[in-house]
Amino acid sequence: MHSRADSTIEKYTRAFLRWVQWAESRDSFGKLPVNPLHFALYLQHLGSLTQSRSAVEEATNAVSWFSQTAGYTSISQDPFVKMALAGLQRSLSKPRRKKEPVSPVMLKEMVDSLDQDPSLSDVRAVAIAFIAFYGFLRFDEVVKLRCCDVRFLSDHMVIKIVSSKTDQYRQGDEVVIARSGSSLCPVGRLELYCRMARVDSQSAECLFRGIVKSKNGERLRSLGSLSYSRIREILMGKIKALGYDPADYGTHSFRSGGASLAANRGVPDRLFKKHGRWKSESAKDGYIKDSLSARLDVSRKLLLNS
């Protein structure tokens, strides 16, 4: 059961129980071992019900994994199931609308929107946005950050990533972010949050927690953490307040924004990939939105002089 990440197991368990419920509602259908014809019928049912390609793929991965843990052959390797799945993938495919990356202009607008005496809530939102952008952090990595995972030095800060999506064996990693000294410095933005929140740098509590509001102002809760959905809600709310459509942005927009800026400014690929903790080139490239100038550069270099 530990061969997959906890979040993956939770997702697979929900998908497998949906298959179990459907199979049990039909007297002659067994749950395990999985009959290929029965499972293909289930995929057809699921596809018609959800109209979602990802739901069908998730069901196949989940039931295959549970089959293997029980000592049976993976149902995804059955030729009939493969063909049924391929047919559903084709029929349920939809044009993908890629989310926009957050731009440096948007970060500046976030800082400019702060009052002379900003609230802890607003300072927290800006700090999360800046470290996600400049550290290429995933939201689940932000959620897991502890107070003791951050070290401030004279010219940079070090953020320890204890575990992440691409670090299944929890070997850990470190992200270093330079200090600029300007109002748009990511190090300064996080330092301001830590001062206002009275963060104990030696504490193993989560760095970003809920905020208690009272007549005396705001203070950080002593325990707990912000959920993934709550951090998303905070940042999408900030984007909306700036006049942008939150539907155009998603949970990876800050990571994508930092990655796109680095790529378009010519950061060496090896350092670029290490900073974002990507394991493959295709995964890295999926986060980058090339600038118009960079795209035009291809044809410019092909043009012939008269």
Side-chain angles (χ1 to χ4, degrees), residues 5-8 10 99-104 106-107 110-111 120-152 156-168 170-178 184-197 199-201 203-211 220-240 246 249-262 274-278 283-284 287:
D6 291 344
S7 57
T8 302
E10 289 175 11
K99 299 294 185 179
E100 290 293 317
V102 166
S103 69
M106 295 171 71
L107 294 181
M110 285 186 186
V111 173
L120 179 58
S121 296
D122 287 337
V123 169
R124 180 187 63 182
V126 173
I128 292 172
F130 269 67
I131 65 168
F133 184 94
Y134 285 100
F136 300 178
L137 299 184
R138 302 176 180 88
F139 272 24
D140 62 328
E141 293 171 341
V142 174
V143 168
K144 294 174 185 175
L145 282 180
R146 301 169 301 173
C147 301
C148 58
D149 291 332
V150 180
R151 286 188 293 122
F152 295 107
H156 69 283
M157 69 176 171
V158 180
I159 300 177
K160 184 178 181 181
I161 308 296
V162 178
S163 66
S164 67
K165 180 181 177 180
T166 55
D167 182 21
Q168 297 297 322
R170 303 188 181 220
Q171 294 177 329
D173 208 339
E174 286 187 342
V175 175
V176 292
I177 301 177
L184 301 177
C185 173
V187 181
R189 286 291 135 197
L190 189 58
E191 279 181 325
L192 176 60
Y193 164 74
C194 289
R195 284 199 306 271
M196 289 183 63
V199 168
D200 178 2
S201 61
S203 172
E205 292 299 324
C206 289
L207 179 61
F208 298 108
R209 285 168 258 157
I211 290 175
L220 202 64
R221 291 185 184 275
S222 57
L223 299 172
S225 66
L226 291 179
S227 66
Y228 178 97
S229 58
R230 178 57 182 145
I231 286 184
R232 184 186 187 283
E233 180 184 343
I234 289 170
L235 293 184
M236 291 305 108
K238 183 63 70 175
I239 284 175
K240 184 178 181 180
Y249 301 89
T251 56
H252 291 290
S253 290
F254 291 86
R255 179 170 161 87
S256 174
S260 297
L261 182 63
K274 180 177 177 60
H275 192 71
R277 303 162 307 287
W278 284 290
K284 172 182 69 67
Y287 279 86

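Residue numbers run from 1 in the order of the sequence given. None of the values given here were measured: they were computed from a predicted structure.
Listed by chain and residue number, nothing satisfies the salt bridge (charged side-chain N to carboxylate O under 4.0 Å, His left out) test with Arg232 (two or more places apart in sequence, or in another chain). Residues forming a salt bridge (charged side-chain N to carboxylate O under 4.0 Å, His left out) with Arg146 (at least two apart in sequence, or on another chain): Asp149. Contacts of Glu233 classified as side chain to side chain donor-acceptor pair (under 3.5 Å), with partners at least two apart in sequence or in another chain: Arg230. Applying the salt bridge (charged side-chain N to carboxylate O under 4.0 Å, His left out) test to Lys284 and every residue at least two apart in sequence or in another chain returns Asp269, Glu281. Here Glu205 pairs with nothing under the salt bridge (charged side-chain N to carboxylate O under 4.0 Å, His left out) rule; sequence neighbours left out. With sequence neighbours excluded, no residue forms a side chain to side chain donor-acceptor pair (under 3.5 Å) with Ser225. For Met110, the side-chain contact (heavy atoms from CB on, under 4.5 Å) criterion is met by Leu107, Val126, Ala129, Lys238, Ile239, Leu242, Phe254, not counting sequence neighbours. Residues passing the side chain to side chain donor-acceptor pair (under 3.5 Å) test with Ser229 are Ser227, sequence neighbours excluded. Taking Val158 as the reference, Arg151, Leu153, His156, Glu174, Val176 meet the side-chain contact (heavy atoms from CB on, under 4.5 Å) condition, with sequence neighbours excluded. With sequence neighbours excluded, the residues forming a side-chain contact (heavy atoms from CB on, under 4.5 Å) with Leu261 are Pro104, Phe133, Arg265, listed by chain and number. With sequence neighbours left out, Phe136 forms a ring pair (Phe, Tyr, Trp, His ring centres under 6.0 Å) with Phe272, His275, Trp278. Partners of Ser201 according to the side chain to side chain donor-acceptor pair (under 3.5 Å) rule, which considers only residues two or more places apart in sequence or in another chain, do not exist here.
A side-chain contact (heavy atoms from CB on, under 4.5 Å) with Tyr193 holds for exactly one of Leu220, Asp122, Ile131; it is Leu220. Screening Met157, Arg124, Arg195 against Leu190 for a side-chain contact (heavy atoms from CB on, under 4.5 Å) leaves a single residue, Met157.
The 12-atom threshold is not exceeded at NZ of Lys240, counting heavy atoms of other residues, nucleotides or ligands nearer than 6.0 Å.
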Practice task
Evaluate the criterion side-chain contact (heavy atoms from CB on, under 4.5 Å) for residue pair Ile128 and Phe139; output intermediate values, then yes/no.
Solution key: CA-CA 9 Å; Ile128 292 172; Phe139 272 24; 5.7 Å; no

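Separating the CD1 atom in Ile211 from the CZ atom in Arg221 is a distance of 9.5 Å, to the nearest 0.5 Å.
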